[in-house]
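A, B, ... follow the sequence lines: proteins, then strands. Residue 1 opens every chain.
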2 protein chains.
Amino acid sequence: MMQGSPMLPCEACPLRSLPDIRDFTPDQLAWISRQKRTELRHAAGETIIPEGSKDERFYTLLRGWAFRYKSLPDGRRQILNILLPGDLVGLQAELMGASPHGIEALTDVSLCGFRRDMMWELFRDHPPMALDLTWLAAHGERLTDDVLMSVGQRSGLERMAMLLVHIFRRAVSSGLKRADGAVPFPLTQQHIADVLGLSAVHTNRVLQVLRKQGLITLKEGALAIGDVRALRRVAEYWEQPAPARPIL
Amino acid sequence: MMQGSPMLPCEACPLRSLPDIRDFTPDQLAWISRQKRTELRHAAGETIIPEGSKDERFYTLLRGWAFRYKSLPDGRRQILNILLPGDLVGLQAELMGASPHGIEALTDVSLCGFRRDMMWELFRDHPPMALDLTWLAAHGERLTDDVLMSVGQRSGLERMAMLLVHIFRRAVSSGLKRADGAVPFPLTQQHIADVLGLSAVHTNRVLQVLRKQGLITLKEGALAIGDVRALRRVAEYWEQPAPARPIL
DNA sequence: CGATAAATTGAAGCGCATCAAAATACGTGG
DNA sequence: CCACGTATTTTGATGCGCTTCAATTTATCG
């Protein structure tokens, strides 16, 4: 873990100005900013929260990509969710005691750290933001539900299409779209395999099918989608448009 | 849908006295009871909340079994979670607009219905219970995570063992254990298949393996587990002991 | 007791895993 | 900037777990 440079005040947080993020009142923003205790950094590949650990804090992902995962004693690993800027990290651990899953950095990341008992104060003094927190928890479950539906029922090709559509949209929503229309894509094929419940070899073959059909371009750590509709059709995947999300 | 008989006041709710349910203060209990608007009944097999619907209410499952599911246009269906008495129904729909999944009754069920805008009042006037609600949402995601881990990484046999251990424990915790040590088990093999992401045929074959090994007894709608440790070992599945859960 | 759903069994085939090895990209120090 | 070691991607070949199709047997229920 790397310790942080001077802390970024929430009022100046670049995420706040994204179009898909709900505006907070100046009061709320000031309160959150006061609660922020640390700004952590981790290098790509580092474990941010180990499986089964207890942590005095919970976090918001400020910069970079990470993922939630669970693993079995024999080494099999399931990636539960990809985390992008604005996502909450370690809420479950907060509420449940020991963390039921681990968190690992995909790229270099920065996280805003909050004290565990901030939660109590939040619910007592800021009901609207407490409701936001619950909204985020419910939203998190909805994402996991979608992945479960994929892994349980869709073919390898369908799963892949679904994942790429989903990640692309979220990356765009996090303001990561580049001038050429592509977004950064820091997952290795092994990561993708662990999300989709496929072997790395099969993941590679499925990717090639999508490439040969001209549906995606994936190289040098960037993903571009030729025809989003066509890719959605492969996956039979249509996300319902979500309202602006809150972040803490 | 069948309309209810006289409403059961929450103070007399049989679930409240279960050992795994957290006690509420008399104040909290009285408030909840005042919020309860209806008591619905549905027959086994009926759809309680269709996929994509909007509902003015959300519910707590009072009696009986149900399940959450998502399905694809071509008919494939993934069961996301089995719902037992005390479980919250339709919270996501509440917070997200249209319901991202459907709910169907496995047995005859009764549900306690609450108005949608009760949520706002809950967060404003009853912070501790609002925190409970968030706890429940986070807990729900943890359950889905476990299933995702199974479906993504475990073999058919392991998944089956995991599911049976899990359901058995929850049924016991809901006070459903009978004198002979078995619990009711209203799922058909097709239901199990749709939870585990297996075909019905393979589900049947995997069940027989567990039966021949003497690990489970499953007949006449009841499940008994011979050696829970052995079954957990098959699944490599150890649940962390959860603290007493709240219900609304 | 007949009708319908659920459980069971058999057989054939495919999607994906696994093993193995080569080709390519990537990071690092000299 | 090149050389080297290491991680990642790619390709081929083989096998198994699971699906699919089809038919039979067994429960369930009005």
Rounded distance in Å - [atom1] ([X]) to [atom2] ([N]):
{"X": "B:His202", "N": "C:dC14", "atom1": "NE2", "atom2": "C1'", "result": "14 Å"}
{"X": "A:Leu198", "N": "D:dC18", "atom1": "CG", "atom2": "C1'", "result": "14 Å"}
{"X": "B:Arg154", "N": "C:dA17", "atom1": "CZ", "atom2": "P", "result": "17 Å"}
{"X": "A:Leu207", "N": "D:dT10", "atom1": "CG", "atom2": "P", "result": "7 Å"}
{"X": "B:Leu218", "N": "C:dA7", "atom1": "CG", "atom2": "P", "result": "8 Å"}
{"X": "B:Asp108", "N": "D:dC29", "atom1": "CG", "atom2": "P", "result": "11 Å"}

[X]/[Y] ion pair, N-O < 4.0 Å:
{"X": "A:Asp194", "Y": "A:Arg76", "answer": "no"}
{"X": "B:Asp87", "Y": "B:Arg245", "answer": "yes"}
{"X": "A:Asp145", "Y": "B:Arg68", "answer": "yes"}

[X] side chain near [N] phosphate (N/O to OP1/OP2, under 4.0 Å):
{"X": "B:Gln208", "N": "C:dA7", "answer": "no"}
{"X": "B:Gln189", "N": "C:dT8", "answer": "yes"}
{"X": "B:Asn204", "N": "C:dT8", "answer": "yes"}
{"X": "A:Arg211", "N": "D:dT10", "answer": "yes"}
{"X": "A:Arg205", "N": "D:dA13", "answer": "no"}

Counting side-chain heavy atoms from C-beta on, which of D:dT19, D:dG12, D:dT8 comes nearest to B:Ser199? D:dT19
Pick the closest DNA chain C nucleotide for A:Thr203 and for A:Glu220 by heavy atoms, then say which residue is nearer the 5' end. A:Thr203
